[in-house]
Protein chains: 2
Amino acid sequence: MRMGEGVEWGLHCCLTLAWIGDQEPISTAKLAEHFGVPPTYLNKCLQALVRAEILRSVSGARGGFCLAKRPDELTFLDVVIAVEGPDAAFRCTEIRQNEGCSRDEKRRPCAIAGAMQEAEEAWRTALKAQTLADIMQKAPAAAAERTRRWYQEVRR
Amino acid sequence: MRMGEGVEWGLHCCLTLAWIGDQEPISTAKLAEHFGVPPTYLNKCLQALVRAEILRSVSGARGGFCLAKRPDELTFLDVVIAVEGPDAAFRCTEIRQNEGCSRDEKRRPCAIAGAMQEAEEAWRTALKAQTLADIMQKAPAAAAERTRRWYQEVRR
DNA sequence: GCCGGTATACTCGGATATATTATGTCCGAGTATATGTGG
DNA sequence: CCACATATACTCGGACATAATATATCCGAGTATACCGGC
């Protein structure tokens, strides 16, 4: 089981955009250069965030992405679902059905699947409790400062 | 992000073995037939459980697998780790390092990675709290009964 | 009838293929800026 | 000098390749049972 890199990239990009706090968009190229990741693939991940209405995209010259939500309204769960999709990691394929269980058994949910779903619910709850605003506070102030300086250099 | 099917299969196999509660091993072929899954691949998954000392395997004719732990000592987390490996789903690649952050920043753990790890810890905690014995109680008694009847038919 | 030896069928275990997913690349559509031209 | 038309550079967005992983298969090593011959 492995989460795609897009989640990490997406979260860091959201944090960067939040710190800059400007409505002027930043291009994929600048962000990719900043983080040292392949530009076109980063673009693909950011597109997923746009579809989820987490980012807003602007086409054309001087285009790019900016945050579409307030940091305290944006949770980690939102980003994870946007990039990785809404499906649960564990998917019950109901192999118990092959055992020839009775109709009465079939009506009840599979106990194993239930336990797995419960665990994932705990995971989602934890992710939902973390907003981007929380991280902005936790992270060292120097990081925010550095990000803003970088932006001033590359904005043009 | 997607968990392999082996986890579901492994859990159902453990449950079946626990219900039968016999020390006589059951072959992959019988279990695979029972669940309607490819036998050789199921075998591969069960091997992973053997390596984790969750199952015990017996080679040769009349060989197969049996449970190596008491059901109340076997957690869902054990099975998941055995099949999927011990690595976390989210892996921080420290892309922030590329931003040119100071030595002081580098010493602190990445706040984003921290939040993700915290969420996974909640997930693991939930999985650790679920033992096989718990599931044996939750599941309908009819299922246990049916499993034992099936075993009496195929044991020879 | 009983014992020992041999052949046989069965099973695990790991090495090897295929399918699916994630990662990475490329090119077209669209937009703001820069440039040039006429009034 | 100003307004407008045109050319140009830049950016997103999705279609298209490649790499990594999960799924599925195959074959060899080993073991218990069945069979067979001798006593």
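Here is how names work: the chains are called A, B, and so on, in the same order as the sequence lines, proteins then strands, and each is numbered from 1. A quick note: this is a predicted structure, and the numbers were derived from the prediction, not measured.
Remark: C1' of C/dT25 and CD of A/Gln47 are 13 Å apart, rounded to the nearest angstrom. Atom CG in A/Asn43 sits about 12 Å away from atom C1' in C/dC26, given to the nearest Å. With rounding to whole Å, A/Leu42 atom CG is found 11 Å from C/dG24 atom P. Look at OH on B/Tyr41: it is 16 Å from P on C/dG14, rounded to the nearest Å.
B/Met3 comes within 4.0 angstrom of nothing in the nucleic acid, heavy atoms only. Base engagement by A/Thr40 is indicated by at least one non-hydrogen atom pair under 4.0 Å involving a base atom. Within 4.0 Å (heavy atoms only), A/Gly63 reaches sugar-phosphate atoms of the nucleic acid but no base atom. No contact: B/Arg56 has no heavy atom under 4.0 Å from any strand.
In this structure, B/Glu24 places its CD atom where more than 12 heavy-atom neighbours from other residues, nucleotides or ligands lie under 6.0 Å away.
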Does the pair A/Tyr41 and A/Trp9 meet the rule for a ring pair (Phe, Tyr, Trp, His ring centres under 6.0 Å), with working shown?
-> CA-CA 10 Å; A/Tyr41 186 44; A/Trp9 300 357; 5.5 Å; yes
Could you please spell out the steps behind the side chain to side chain donor-acceptor pair (under 3.5 Å) verdict for A/Thr75 and A/Asp78?
-> CA-CA 5 Å; A/Thr75 72; A/Asp78 295 330; 3.1 Å; yes
Chi angles and distances behind the side chain to side chain donor-acceptor pair (under 3.5 Å) call for A/Thr93, B/Glu8 = CA-CA 8 Å; A/Thr93 59; B/Glu8 183 184 10; 2.7 Å; yes
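Taking all atoms of both residues into account, the shortest heavy-atom contact from B/Lys106 to B/Arg96 is O-NH2, 3.7 Å. Of all non-hydrogen atoms in A/Ala82 and A/Ile54, the two that sit nearest each other are CB-CD1, 3.8 Å.
Counting distance only, with no hydrogens placed and no angle test, the side-chain atoms of A/Lys44 and the base atoms of C/dG24 include a donor-acceptor pair under 3.5 Å.
Counting only heavy atoms from C-beta outward, the side chains of A/Met116 and B/Leu11 approach each other to under 4.5 Å.
Toward the 5' end of DNA chain D, the nearer of the two residues A/Ser59 and B/Pro39, judged by each one's closest nucleotide, is A/Ser59. Heavy-atom distances to DNA chain C give each of B/Gly60 and B/Arg2 a nearest nucleotide, and the one nearer the 5′ end belongs to B/Gly60. For the pair A/Arg62 and A/Arg51, both in contact range of DNA chain D, the more 5′-proximal nearest nucleotide belongs to A/Arg62.
For the contact set between residues 5-15 of chain A and DNA chain C, defined by any heavy atom under 4.0 Å, the members are A/Glu5, A/Trp9.
In the model, B/Thr40 has no side-chain atom that pairs as donor or acceptor with a side-chain atom of B/Asn43 under 3.5 Å.
A 4.0 Å heavy-atom criterion places the boundary nucleotides of DNA chain D facing chain B at D/dT23 to D/dT33, written 5' to 3'.
Note on B/Arg124 versus B/Glu121: salt bridge recorded, some NZ/NE/NH1/NH2 to OD/OE distance being below 4.0 Å.
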